[in-house]
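Single-structure report; data block below.
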Amino acid sequence: MILDNHSESELHRRVAAAARGDGEAFGDLVRPSLSAALSMATLITGSSADGADAVQDALMSAWKSLGALRDPIAFPAWFRTHVIRAAIRHSNNRKRLRLVDLETADEGTDGGFHDQAQRARLADALGKLDPRDRAVLGLRYVAGYSTAETAVAMSIPEGTVKSRLNKAVSRLRAVYLMGEQ
Amino acid sequence: MEKPGRPDNFEAALTDVLRSQSQHDEMDVARIDAFARSLPGRRPARRSAGPALGLVAAIAVVASVGLVIAAGLPSRSGATSTDRPPSAAASSPFAPSAAPSKSAVVASSGLPGPEVWGTDPGINVCLRGATSEVEVLTAYSLGHASDYRNRLPSLGFQLDLEKTDPVLVVIFKGSSPVESELMILSGPTTHQPNPGTNDICIAGPDWHRRYLNVAINWSYLAGTMTPPPGSTYRVVARLPDQFEVDGTNLVWDQKQGVLWFAKVGCGGEASAVYRWDPKTAKTENWTIPGNKLTCERVKARLDDSGALWVMESSLLVRFDVTTQAVTSVRISPDGPTWGSVPVAIAADGSSVLLARANTAALTRVDASMRVSTVAIPADLAGAQGDTDLVVGDGVIYYLRDGQLLVLDANGKLEQTTDLTGRTLMVRPDGSVVLVQDAGLAIVVTPGGMAGEAVAFPSEAGTSLETDWNGHTWYVAVDGQGPVLIEVSQST
């Protein structure tokens, strides 16, 4: 049975089995994280196709380096770091700006946000951010991580998280407010 | 009725857009799951039993001591239970793995035990937020929070601890509890420190702070040894409220021996340049043209003629520091569309060079505000993210997209090196330094090769400036507002 979350003993057992080359155990390990991983990778890379590729890259790198994982309890956090790195790498490798489909950007709930032009501008500006900035924003605003947790997930200092967050939010806020000038 | 686009809607709008852009097809999850289970076989890794056995041993210690601190937490038992509500976990991207919930203090030989600090209210404060197993290794009382300078020197300078309050320093053994600041969705509840480090919590009378991955010298912490003198940090000026850590740019003026600040308009406050004189500790300021709303990060450079150039998204301002004369030129006629927004500025003689997004040229603006261009290779047009530009000894260094590009004065690409960093600085001798995220900086050469390392305050963000003579400044924010901090290196 695949659990939504692993208990400590299951993590030990599955990591040990996966480290011995058991692909099914590895699949059980990563399965609870895949949907979230794909969400984050999609956000960072700017497309679901690129996000899926990035998650596959992360799976490959995690699979290859599983022997280096010292504490099985840390597996979920360790894997999410692989995902974030892979998504950023994938995004950087694309060497292109993301083209935002305004029709797509206009979909979804308005949540009190009823100026579609502003929303489209925000989506467009988000797509032009550095993928690392998108990762920081996603971890803070979608995953609800604190600054410290985001720093750990991205393997960067807390000060850098704050700096990136400040910069990205300032830029996006400016774009958002443009309609009022 | 709410007006669309009000600033207080911004965060909700941003969250909404982020969520919509993170949506994916569940079929992809199934496909990737199948991919994960079919990865090519590899040789089983040789794993040391040490860490795993160590963890088991630690759990055994907790069980045998059996001292559970309630800390307002539900009392749970069972080292293998999965006790996070599935609904919360399922709704959160990167939902943390569940772990047994039990917080404990553990006696450890050679360190003060619970009989010394177990009843200190700071323990409960520091265990707040713990929903999984957390162990307190030991704790030390300090007479004043500011004693951290000698007792925990690896923390560097911590503005939050520059207080006279008595505090309890709580050292966690392994995982520490994490209190989420933004609980839109649940995040991880514990943090695992890096090897060789501990997470700590410092609790004062009505406040506490957590520090992750702290390298502890137990002799210093116990007060039996005093660390050698290192860098001295001090708050040298309290700044107007509108200064942002990342919205300000500092420029050291070697000729006048003063520090210039440039800040772009924000919330109706005009853009301005500030002059701080370390000899008198006095600050003067002058208003300059600029957008009063954007609150964006400003970039400033001092050229060889003594003019301070300030760049925002749609305007370039030249401020003569001697006469205070101001001239300006629009650099993005269509406004801040971000399509060709300027991303970096470099002083070059008495002129400046600008790098712009999606533009295969550098823009040169001279002292008379005449504009010309220096063509660069077309594939260098898409600069995003951390970007900086400097000219050292006639060579153009362009940091963009995780690469350091070296171009000659005509824009011809000479060298590309994979190097990440947040800012470039030119030293008085014309050599160029790349400041990296970890507070370290490396000297780069026209060949793109890294040289000697230079240390900078790691917490300094992008507002960092040095006189290259033992003094570095940056802007930080404490409980009362923004402050200018000076770091003096001991010799």
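Residue numbering restarts at 1 for every chain, and letters A, B, ... go by the order of the sequence lines.
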Compare all side-chain heavy atoms of [X] with those of [Y] and state whether any distance is below 4.5 angstrom.
X      : Y     : answer
B:I32  : A:Q56 : yes
B:V29  : A:R31 : yes
A:V142 : B:T15 : no

In Å and rounded to the nearest 0.5 Å, what is the CG to CG distance from A:L122 to B:D16?
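One gets 9.5 Å once the value is rounded to the nearest 0.5 Å.
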Between B:Q23 and chain A, which part of the residue has a heavy atom less than 4.5 Å away: side chain, backbone, both or neither?
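Only the backbone of B:Q23 comes within 4.5 Å of chain A.
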Can you see which heavy atom on B:S22 is nearest to which on A:L43, and at what distance?
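Here B:S22 and A:L43 meet closest at CB-CB, 3.9 Å.
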B:Q21 and A:T42: which non-hydrogen atoms are nearest, and at how many Å?
O-CG2, 3.5 Å
Just wondering, more than 12 heavy atoms not from B:R209 lying within 6.0 Å of its CZ?
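Yes, enclosed.
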Which residue out of B:N194, B:L18, B:L212 racks up the most heavy-atom pairs below 4.5 Å with chain A?
B:L18
